[in-house]
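The structure under discussion appears below in the form of structure tokens.
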Amino acid sequence: MNIAATLKSDITPDGDDYGTVSRVIELITDDYRDQPTLDDIAARLKQSPTQLQKTFTRWAGLSPKAFLQAVTLDHAKRLLRQESLPLLETSFEVGLSGPSRLHDLFVTHEAMSPGEWKARGAGLTIRYGFHPSPFGRALVMITDRGLAGLAFSDDEDGRAAFADMACRWPNADYVEDANATAAYAARIFDPARWNPQEPLRIVLIGSDFQVRVWEALLRIPIGKAVTYSDIAGSLGQPTASRAVGAAVGRNPISFVVPCHRALGKSGALTGYHWGLTRKRAMLGWEAGKA
DNA sequence: GGAATCATGTGAT
DNA sequence: ATCACATGATTCC
């Protein structure tokens, strides 16, 4: 049995739990004024409440009720409250590049040099593959220095996601190699395999400012969140929150670099490159792990 | 609660 | 130069 098949059976036994979860999220965010009950939602999806219960516990170890609470605005505000600034302040000591242990997924990161960034991927070979994940079909991109890209696709063939990623480093060579990327996907989405002894190697390809923002994101632990202005402050540029937002939006390694843990000051989920529903799903899924 | 408006830093053209 | 932004604060309803 190959690794990709193993992953699929581990994470989504029926193949599409995320499809159900994302529809539930959309229903409760569209109709949040009506406060739909679990029975309402199940009926709208033409499922029984017990089916829905099974899907959620399988997906996140979370009951539907707990999940619904986890994706409300109040919950997002709670994530923000827990002293976020001390977490970010130490990012000054870390500095650019060099290995360091960060965040719950134990990542060591290095940054590409400014020269490499300007080359837009020239001379770089990027191997990629698609794999099932708790948040839909994931596109994993790796270099010999580590994980460089992680994207999500909503369409079946994933062309849009690939084009989105490939235009960031237009001069790189792209080689499909799902056997090489499967091991990364298996580790990233299985908390049981998050291990400080074997940190995940990632490489940040971006401008100096972008890399500093992404490093700040790596310091946010699971179950917490910070605002864009928190990050700006930790960079010593308190008025640059909007620039931070732009840089967060260009994060090439979504989920691993936890850009979903950046929220607006009100606790609102102000945006997400791969769709706000997916951002909500990630925060809800993490509520079951933290 | 919004909606309109302004100051703001970065990156692409 | 100019423009688009995953912001935030202020000032009106």
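Atom NZ of A:Lys265 is separated from atom C1' of C:dT10 by 14 Å (rounded to the nearest Å). Atom P of nucleotide C:dA6 and atom CZ of A:Phe152 are separated by 19 Å, given to the nearest angstrom. We find that CG of A:Asp230 is positioned 12 Å from C1' of C:dT7, with the value rounded to whole Å. The CD atom of A:Gln237 sits 8 Å away from the P atom of B:dG9 (whole-angstrom rounding). As a whole-Å value, the separation of A:Phe209 CZ from B:dG11 P is 7 Å. Between the CG atom of A:Leu235 and the P atom of C:dT7 there is a distance of 16 Å, rounded to whole Å. Atom CG of A:Leu276 is separated from atom C1' of C:dA6 by 8 Å (rounded to the nearest Å). A straight line from CG of A:Leu283 to P of C:dA6 spans 18 Å, rounded to a whole angstrom.
At a threshold of 4.0 angstrom between heavy atoms, the contacts of A:Tyr272 include nucleobase atoms, whether or not backbone atoms are also involved. Across all strands, A:Ala240 comes closer than 4.0 Å only to sugar-phosphate atoms, never to a base (heavy-atom distances).
No donor-acceptor contact under 3.5 angstrom links the side chains of A:Thr20 and A:Asp17, judged on distance only.
Partner assigned to C:dG8 is B:dC6, using Watson-Crick or G-U wobble distances below 3.5 angstrom. Nucleotide B:dG1 forms a Watson-Crick or G-U wobble pair with C:dC13, both donor-acceptor distances falling under 3.5 Å.
The side chain of A:Val248 approaches C:dA6 more closely than any other nucleotide in the set C:dA6, B:dG11, C:dG8. Among the nucleotides B:dG11, C:dG8, B:dT8, the one closest to the side chain of A:Arg242 is B:dT8.
Heavy-atom distances to DNA chain B give each of A:Thr239 and A:Trp117 a nearest nucleotide, and the one nearer the 5′ end belongs to A:Thr239.
A distance of 6.0 Å or more separates the ring centres of A:Phe162 and A:Phe130.
Between C:dG8 and A:Ser229, a contact under 4.0 Å exists linking OP1 or OP2 to a side-chain N or O. Within the structure, every side-chain polar atom (N or O) of A:Lys279 is placed at least 4.0 Å from both OP1 and OP2 of C:dA6.
Counted within 6.0 Å of CD on A:Glu198, heavy atoms from surrounding residues, nucleotides or ligands total 12 or fewer; the atom is thus considered open.
Note: A:Phe135 and A:Phe255 have tilted aromatic rings, judged against thresholds of 30 and 60 degrees for the angle between ring planes.
Partner of A:His260 under the side chain to side chain donor-acceptor pair (under 3.5 Å) criterion, chosen from A:Glu286, A:His273, A:Arg280: A:Glu286.
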